[in-house]
Amino acid sequence: MRTYTKKIVPLALIFVTILAVMFSSVGCSLVGKMEEQEAKDFFQASVKRSVESKIYQWTELDNKAKKLEDSVKSQFNNYCLLNQKTDEILTNPDGSYKNHAVQYSVNTNKFEEKIIVGSSAPKKPKNTPAKDMGFSYIKKDGVETSVMEEMSVEDILERADKANLLLAQKLFDLTLLEDEDIIFGGKYNKRQKYIKLVMLEFSISDEFFADYEKTYGKPSVLKGIGVAVEIAYDRISIVTVFDNKVVDDAGNKFPNEVYKMEVVYIGPKIAIPNYVNKDGTSDWTTGKIVF
């Protein structure tokens with residue numbers, strides 16, 4: 001009689017296998033270690049390409065508050081339809097972006113806000129035209145408010161520009177880094193190159209932070225003891241800033257992340273609410289959206 005032995009696969013092997021699949025899916029076969037100047041040049045070029053991007057979604061987590069529950073998570077999705085083969089922006093006959101919409105959200109332990117702007121179609125009557133509408137949902141101290149206002153995507157982007165919420169503004173501190181500000185060495189000295197991914201870790205000179213604070217009157221978001229940068233397909237993907245604290249998670253120790261920015265260059269499709277329901281009512285109060 002043939003006997004069968006049940007094979008137990010170690011969890012560590014499963015984990016490694018999953019990582020291998022994840023890395024291979026974005027072309028992450030290791031090519032080698034970059035030279036310092038090569039890494040700096042690649043970083044600078046990637047920052048330039050990123051800030052020139054017109055469509056994107058960024059997600060920011062700021063943990064610099066003294067209490068973890070006071071951390072702030074915000075997200076900005078500037079969305080439109082792209083050609084799936086070429087990634088080119090699809091436009092309407094008038095030159096505007098197809099299905100152009102914007103969604104912005106802020107979440108803290110005590111406050112939640114979401115703003116959505118785009119072309120909104122009423123559910124009734126059928127022949128009523130769509131409108132460019134903005135929808136604002138705020139929850140604060142247990143009180144919820146829902147307001148709608150006629151607003152175009154251009155309007156919200158203009159407001160976002162004034163509030164420093166566009167991607168170029170969010171990556172502004174990276175654009176200020178010069179070669180002499182970037183220090184590869186010690187604990188933060190990674191220059192790994194994969195097929196479609198580059199992973200860098202470096203520290204930033206004290207002179208940079210001193211000049212920044214003197215010029216802008218506030219600390220740089222990059223202020224810490226080290227920075228990790230992931231560059232996917234030649235554009236900035238993740239920026240993480242560490243301080244000198246250590247997080248102990250069930251005996252596993254990790255550097256403490258005080259700031260993290262994640263960027264994708266096409267976010268999820270934005271669902272635009274209907275400004276009129278089938279029964280002719282609305283879930284939103286007409287008013288002014290505070291942004």
Side-chain angles (χ1 to χ4, degrees), residues 34-65 71-78 104 106 157-193 197-245 255-265 267:
M34 305 174 78
E35 296 295 330
E36 282 195 23
Q37 192 57 52
E38 179 190 8
K40 291 178 180 181
D41 291 345
F42 190 85
F43 168 78
Q44 301 284 11
S46 299
V47 171
K48 183 178 180 181
R49 277 189 288 268
S50 300
V51 299
E52 291 173 349
S53 299
K54 297 179 180 179
I55 297 299
Y56 50 80
Q57 175 181 275
W58 60 254
T59 303
E60 181 183 60
L61 181 61
D62 191 339
N63 291 328
K64 292 179 180 176
S71 297
V72 180
K73 181 178 181 181
S74 51
Q75 187 175 78
F76 191 89
N77 184 7
N78 185 16
Y104 171 63
V106 179
L157 289 177
E158 184 177 338
R159 295 191 192 189
D161 185 14
K162 293 178 180 178
N164 294 323
L165 294 175
L166 303 182
L167 182 61
Q169 295 162 325
K170 282 296 177 180
L171 299 181
F172 175 69
D173 292 15
L174 292 182
T175 68
L176 298 179
L177 287 174
E178 298 182 0
D179 284 0
E180 58 266 29
D181 300 318
I182 300 170
I183 304 169
F184 290 105
K187 184 178 179 181
Y188 294 95
N189 185 19
K190 178 180 281 188
R191 290 168 273 128
Q192 298 285 18
K193 185 177 183 179
L197 176 71
V198 168
M199 301 179 72
L200 305 176
E201 289 185 7
F202 53 85
S203 55
I204 298 173
S205 68
D206 293 337
E207 289 79 10
F208 173 85
F209 293 127
D211 290 344
Y212 186 98
E213 197 157 348
K214 182 179 179 180
T215 303
Y216 301 102
K218 61 180 181 179
S220 167
V221 295
L222 302 174
K223 190 166 185 179
I225 65 167
V227 179
V229 179
E230 293 188 18
I231 302 168
Y233 294 91
D234 300 335
R235 289 190 285 190
I236 300 297
S237 175
I238 303 175
V239 179
T240 309
V241 179
F242 306 99
D243 65 8
N244 55 9
K245 298 178 183 177
N256 186 49
E257 299 178 359
V258 291
Y259 178 84
K260 191 167 192 174
M261 168 68 72
E262 298 179 87
V263 187
V264 294
Y265 294 90

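These numbers come from the heavy atoms of this one structure, side chains and all, not from hydrogens, waters or symmetry mates.
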Chemist: Test side-chain contact (heavy atoms from CB on, under 4.5 Å) on Val72 and Val106; report intermediate values, then the result.
Modeler: CA-CA 7 Å; Val72 180; Val106 179; 4.1 Å; yes
Chemist: Here's a test for you: under side chain to side chain contact (heavy atoms under 4.5 Å, CB included), which of Thr240, Leu200, Ile204 qualifies with Val227?
Modeler: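 In the set Thr240, Leu200, Ile204, the residue that makes a side chain to side chain contact (heavy atoms under 4.5 Å, CB included) with Val227 is Ile204.
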Chemist: Any luck finding a side-chain donor-acceptor pair between Gln75 and Thr59 under 3.5 Å?
Modeler: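 Side chains of Gln75 and Thr59: pair found under 3.5 Å.
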Chemist: Does Gln169 reach the main-chain N or O of Asp161 with its side chain, forming a donor-acceptor pair under 3.5 Å?
Modeler: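 Flag set: sc Gln169 to bb Asp161 pair under 3.5 Å.
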Chemist: Please confirm whether the backbone N or O of Leu197 pairs with a side-chain atom of Tyr233, one donor and one acceptor, at under 3.5 Å?
Modeler: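 Pair absent, no side-chain N/O of Tyr233 close to backbone of Leu197.
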Chemist: Got a second to check how far Glu230's CD is from Glu262's CD, nearest 0.5 Å?
Modeler: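 These two atoms lie 8.5 Å from each other.
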Chemist: Looking at Glu213 and Lys218, does any basic side-chain N land under 4.0 Å from a carboxylate oxygen?
Modeler: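 Result for this pair is no, no salt bridge flagged.
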Chemist: Which heavy-atom pair separates Ala39 from Met34 by the least distance, and what is that distance?
Modeler: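 Shortest heavy-atom contact: CA-CE, 3.9 Å.
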Chemist: Working to the nearest 0.5 angstrom, can you tell me the gap between Ile236 CD1 and Lys170 NZ?
Modeler: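 So the gap between those two atoms works out to 16.0 Å.
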Chemist: Quick check: does any side chain N or O of Trp58 sit under 3.5 Å from a backbone N or O of Leu171, one acting as donor and the other as acceptor?
Modeler: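 Not a single qualifying donor-acceptor pair exists.
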Chemist: Ignoring hydrogens and angles, state whether a donor on the side chain of Ser50 or Tyr265 is under 3.5 Å from an acceptor on the partner side chain.
Modeler: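 There is such a pair between these side chains.
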Chemist: Test your reading of the model: is there a side-chain donor-acceptor pair from Asp243 to the backbone of Ile225, 3.5 Å cut-off?
Modeler: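 No, the answer is negative, given that no donor and acceptor are paired below the 3.5 Å cut-off.
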Chemist: Is it the case that over 12 heavy atoms from other parts of the model lie below 6.0 angstrom from the CD atom of Glu35?
Modeler: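 Count not over threshold, so no.
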Chemist: Taking the side chain as every heavy atom from C-beta outward, state whether Ser220 and Phe208 have any pair of such atoms under 4.5 Å apart.
Modeler: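 Side-chain contact under 4.5 Å: yes.
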Chemist: On the 0 to 90° scale, with breaks at 30° and 60°, tag the Tyr188-Phe242 ring pair as parallel, tilted or perpendicular.
Modeler: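 Answer is parallel, since the angle falls under 30°.
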Chemist: Would you call Lys193-Glu38 a salt bridge at under 4.0 Å N-O?
Modeler: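 Here Lys193 pairs with Glu38 in a salt bridge, since their nearest N and O are under 4.0 Å apart.
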Chemist: Phe43 vs Phe202 aromatic rings, parallel, tilted or perpendicular, using cut-offs 30° and 60°?
Modeler: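 Judged by the thresholds at 30° and 60°, the geometry between Phe43 and Phe202 is perpendicular.
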Chemist: What is the distance from atom CG of Asp181 to atom CG of Leu174, rounded to the nearest 0.5 Å?
Modeler: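 Interatomic distance, Asp181 CG to Leu174 CG, rounded to 0.5 Å: 11.5 Å.
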Chemist: Are a donor atom and an acceptor atom from the side chains of Asn63 and Tyr259 found within less than 3.5 Å of each other?
Modeler: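 There is no such pair (donor and acceptor under 3.5 Å, judged by atom type) between the side chains of Asn63 and Tyr259.
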Chemist: May I ask you to test the Ser205-Ile183 pair for a side-chain heavy-atom distance under 4.5 Å?
Modeler: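 Yes. Closest side-chain heavy atoms under 4.5 Å.
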Chemist: Quick one, Gln192 with Val198, criterion side-chain contact (heavy atoms from CB on, under 4.5 Å). Give me CA distance, side-chain angles, the key distance, then yes/no.
Modeler: CA-CA 6 Å; Gln192 298 285 18; Val198 168; over 6 Å; no
Chemist: Within a strict 4.5 Å, meaning less than it, do heavy atoms of the Ile238 and Val229 side chains meet?
Modeler: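 No - every pair of side-chain heavy atoms lies 4.5 Å or more apart.
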Chemist: I need the minimum non-hydrogen distance between Gln44 and Leu177, along with the two atoms involved.
Modeler: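 Where Gln44 meets Leu177 most closely, the heavy atoms are NE2-O, 2.9 Å.
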Chemist: Are any of the side-chain heavy atoms of Lys64 and Val221 separated by less than 4.5 Å?
Modeler: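 Yes; the side chains approach each other to less than 4.5 Å.
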Chemist: Can you see which heavy atom on Leu61 is nearest to which on Lys73, and at what distance?
Modeler: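 The pair with the smallest heavy-atom distance is CD1-CB, 4.0 Å.
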Chemist: Determine whether Tyr216 and Leu176 make a side-chain contact, defined as any pair of heavy atoms from C-beta on separated by less than 4.5 Å.
Modeler: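 Heavy-atom side-chain distance check passes, below 4.5 Å.
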Chemist: Mark yes or no for whether Ser53, through its side chain, and Ile55, through its backbone, hold a donor-acceptor pair below 3.5 Å.
Modeler: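 Checking the backbone N and O of Ile55 against the side chain of Ser53, no donor-acceptor pair under 3.5 Å is found.
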Chemist: Is the distance between the ring centroids of Phe172 and Tyr212 less than 6.0 Å?
Modeler: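 Not close enough - the centres of the two rings lie 6.0 Å or further apart.
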Chemist: OG of Ser74 to CE of Met261: how many Å apart, nearest 0.5 Å?
Modeler: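 Nearest 0.5 Å value for the OG-CE distance: 7.0 Å.
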Chemist: Rounded to the nearest 0.5 Å, what separates atom NZ in Lys214 from atom CD in Glu207?
Modeler: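 Between atom NZ of Lys214 and atom CD of Glu207 there are 13.0 Å.
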Chemist: Can you find a side-chain donor-acceptor pair between Ser46 and Asp234 that sits under 3.5 Å?
Modeler: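 Absent: no donor and acceptor within the cut-off.
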Chemist: Taking all atoms of both residues into account, what is the closest heavy-atom pair of Gln57 and Gly267, and its distance?
Modeler: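 Closest approach of Gln57 to Gly267: CB-CA, 4.0 Å.
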Chemist: Atom CD1 of Ile231 and atom CZ of Arg49: how far apart are they, to the nearest 0.5 Å?
Modeler: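 Answer rounded to 0.5 Å: 8.5 Å.
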